[in-house]
2 protein chains.
Amino acid sequence: MAGVSYATVSRALNGSDEVNEKTRKRVLEICDSVGYSPNALARGLVTNSSNAIGLIIPNITNPFYPEVALGVEGEARARGYNVFLCNSNFEPERMESYFRILIERRVEGLIVASVPDAARGLFDFYRKKMPVVYIGSRPADEECNCVATDSVKGGYLAAEYLIKLGHRRIVFIGGTRTSNSQIDKLRGFRLAMEEHGLQPEVRLNINYQFNKRESGYDMAKVLINEKNPPTAIMGSNDMVALGALEACEEYGLDVPGDMSIIGFDDIPYASLPKIQLTTIAQAKYDLGKIAVDMLFKLKESGLKNNCMKEVLQPELVIRSSCREL
Amino acid sequence: MAGVSYATVSRALNGSDEVNEKTRKRVLEICDSVGYSPNALARGLVTNSSNAIGLIIPNITNPFYPEVALGVEGEARARGYNVFLCNSNFEPERMESYFRILIERRVEGLIVASVPDAARGLFDFYRKKMPVVYIGSRPADEECNCVATDSVKGGYLAAEYLIKLGHRRIVFIGGTRTSNSQIDKLRGFRLAMEEHGLQPEVRLNINYQFNKRESGYDMAKVLINEKNPPTAIMGSNDMVALGALEACEEYGLDVPGDMSIIGFDDIPYASLPKIQLTTIAQAKYDLGKIAVDMLFKLKESGLKNNCMKEVLQPELVIRSSCREL
DNA sequence: ATAATTTCTGTAAACGTTTCCGAGAATAGA
DNA sequence: TCTATTCTCGGAAACGTTTACAGAAATTAT
């Protein structure tokens, strides 16, 4: 329509400098007068790039993930990338299915949060072929391409705080499904307890294997009903802690009067009036943002440096669910 | 490698019935022994389909949206589609930017939640060219392709409940940014009040224009400090109500003892122990799921029937943030 | 046995871009 | 004026699939 070749139109649209300003103007004008929209699929095919990344999370409904997702999407957007949202629902088969699909779509990178041990091998396999970064895994020596909170420090901080308040019987509760971050929280918890000559107690819920509200509610109920209940409960995350809170409420136990409760994550719920859960804060948005940064560094390095790590520091945020004994 | 043509490989991979079972087996085996992965971009180019849809929401951090997103993603997945997650942050420019990008990507449909009046024209323009369905808009006569909760009924239900509890001075609070759903909630609220010969009072927050926690907190504070405070507050959504709850807490007002508060949405926060917010529940997951269903119906009809509506019924869920006067 | 089907497979065009290469036009240098 | 550069632009191949069409092989019918 403009009397020029496809090549010239392409150059005009992509801001190439080897096209005359006048013809560019003309091309651009015609383009939006006819409502032309370039086909990203065709472009991707020839440039061998999709400008897309995949985000695999267990469940966007868990309030920890939306903030991570926001960080991922925000940073991706700033770089001209879009993100495919995938809920794995903790199921390895679903993860695998999404994995295949995303690879077919030629996403240029993959961010996966909270990968369960069961799916670990799968991801490590693909990691060699494309940039994949984990969120929330432990940055241990053998662990690569992850951005995580220092969970052992987080666990330590929580336990130490309770100990300093004078608590002696503190029990850690959560689901049985292990993840690296869970293992680390436990390690920190045990470390603090043992350093102070205390006996670390851990109760993982068999009925509710994931770290969700029900796990905490259920587990706290059995603790409360024991002959000699603990004075403090540490939840593997805030949802678990909230569940414990619920159980206390149900049994008429005042928090923190009769029971101290501490969580992990600092999800928005935690700061709600009347809840005021003391917890260990993670920089959730940053986890997402940094993961994207890492993805691109990985990509630029051509997967040469395929073992990056970034550790964020947790922070104790004191509200009012714990009291001095 | 299998000694067959591209065409045959394509047929083998796509489950066509015009390929010999033996050769299909052989092709499939070779494919996964060499780790072959079909290129979705190329496929999309020739089949003129992307198998993707776009989801534009204000902010995934607002707990209402993750559940909607889950419904969208779940239903899309069931149909073999993936979803691009886009946070508009309520900014029309961002929405427009995403719109262009998604169209370039040739998404086969668009779901947009809570579109502000300012961006309405933009969307209506594109609606003629591709399936777009709104979530949360008012299914009024002039409104098309939306799945929404009957907000006027919701507003009515909330007000009616408070009135029946004996409240006379009830004020509706929220942000000033109007949306169709907000308008409808107000309409229902006014209707109920007037039917009972009561004066509807509405206070929209100029400082915090969106329906978020701060809007409610801020507005409730001024109400509390008035010479003659209301006995009940109705929040435009749960976040606003929670903000009001926070303000009451700060001023030592007991809820529901000194102040009754009702919300809208029934986000997970609302059911938390100690919060127990009475509210109007929306079927959030269904909103998302049905939106996808509608998208496909629209697509199949070739945009012939371009004015579909689906109205979901709200439900009053009584917890303990309101008391009888 | 031949003819008529049916089943299977290959050829080649098409999808809508980008980009290498080369060529003509305009400009600068001599 | 002529040559050497610099600007612009077009031609054509390439990206990796799908699919209409046609042809070959195998099967069935006569």
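Side-chain atoms of Glu18(A) do not come within 3.5 Å of backbone N or O of Arg11(A) as any donor-acceptor pair. With Asn237(A) contributing its side chain and Asn211(A) its backbone, the two residues share a donor-acceptor pair below 3.5 Å. Of the possible donor and acceptor atoms, none in the side chain of Asn89(A) sits under 3.5 Å from a partner among the backbone N and O of Pro58(A). Judged purely by atom type and a 3.5 angstrom limit, Thr47(A) uses its side chain to pair as donor or acceptor with the backbone of Arg43(A). Between the side chain of Asp265(A) and the backbone N or O of Ile267(A), no donor-acceptor pair lies under 3.5 Å. Put simply, the side chain of Ser50(B) gets close to the backbone of Arg106(B): a donor and an acceptor are under 3.5 Å apart.
For the pair Glu21(B) CD and dT9(C) P, the interatomic distance rounds to 10 Å; values are reported in whole Å. Taking atom CD on Glu104(A) and atom C1' on dG16(D), their separation rounds to 13 Å, with Å as the unit. When the C1' atom of dT19(D) is taken as reference, atom OH of Tyr6(B) falls 16 Å away, rounded to whole Å. Taking atom NZ of Lys22(B) as the reference point, atom C1' of dA26(D) lies 14 Å away to the nearest angstrom. Atoms CG (Asn48(B)) and C1' (dT17(C)) sit 14 Å apart, rounded to a whole Å. Atom pair Asn20(A):CG and dC9(D):P shows a separation of 5 Å (rounding to whole Å applied). Per the geometry, CG belonging to Leu45(B) stands 17 Å off P belonging to dA13(C), to the nearest Å. One atom, CG of Leu13(B), and another, P of dG16(D), lie 15 Å apart when rounded to the nearest Å.
Closest contact between the side chain of Ala7(B) and the listed nucleotides dG16(C), dG11(D), dG10(C) involves dG10(C). With dG10(D), dT9(C), dA12(C) as the choices, the nucleotide that has an atom nearest any side-chain atom of Val4(A) turns out to be dG10(D). When distances are taken from the side chain of Thr8(B) to each of dT9(C), dT8(D), dG11(D), the shortest belongs to dT9(C).
By the 30° and 60° cut-offs, the orientation of the rings of Tyr81(B) relative to Phe296(B) is perpendicular.
Within the 4.0 angstrom heavy-atom criterion, base atoms lie near Ser10(A).
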Which pairs would a plain distance check flag for residues 64-75 of chain B, meaning a side-chain donor or acceptor within less than 3.5 Å of a matching protein atom at least two apart in sequence or in another chain?
{"unit_1": "Tyr65(B)", "atom_1": "OH", "unit_2": "Ser114(B)", "atom_2": "OG", "d": "2.6"}
{"unit_1": "Glu73(B)", "atom_1": "OE1", "unit_2": "Asn87(A)", "atom_2": "ND2", "d": "3.3"}
{"unit_1": "Glu73(B)", "atom_1": "OE2", "unit_2": "Asn87(A)", "atom_2": "N", "d": "2.8"}
{"unit_1": "Glu73(B)", "atom_1": "OE2", "unit_2": "Tyr98(A)", "atom_2": "OH", "d": "2.4"}
{"unit_1": "Glu75(B)", "atom_1": "OE1", "unit_2": "Lys289(B)", "atom_2": "NZ", "d": "3.1"}
{"unit_1": "Glu75(B)", "atom_1": "OE2", "unit_2": "Arg79(B)", "atom_2": "NE", "d": "3.2"}

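With sequence neighbours excluded, the residues satisfying side-chain contact (heavy atoms from CB on, under 4.5 Å) with Arg24(B) are Ala12(B), Val19(B), Glu21(B), Leu28(B).
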(request) Quick one, give me the B/S/- string for nucleotides 21-28 of chain C, reading 5' to 3', where B means a protein heavy atom under 4.0 Å from the base and S means that only happens at the primed atoms, P, OP1 or OP2. (result) --------

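Rounded to 10 degrees, the angle between the two end axes of the helix from dA1(C)-dT30(D) to dA30(C)-dT1(D) is 40°, with five pairs used at each end.
For residues 294-306 of chain B, every residue pair satisfying the salt bridge (charged side-chain N to carboxylate O under 4.0 Å, His left out) rule, not counting sequence neighbours, is listed here: Glu108(B)-Lys299(B).
For DNA chain D, the neighbouring residues in residues 30-43 of chain B, judged by any heavy atom under 4.0 Å, are Tyr36(B), Ser37(B), Pro38(B), Asn39(B), Ala42(B), Arg43(B).
Close to dT9(C), at under 4.0 Å from its OP1 or OP2, lies a side-chain N or O of Thr23(B).
Between Glu96(B) and Arg100(B), at least one side-chain nitrogen of the basic residue sits less than 4.0 Å from a carboxylate oxygen of the acidic one, meeting the salt-bridge criterion.
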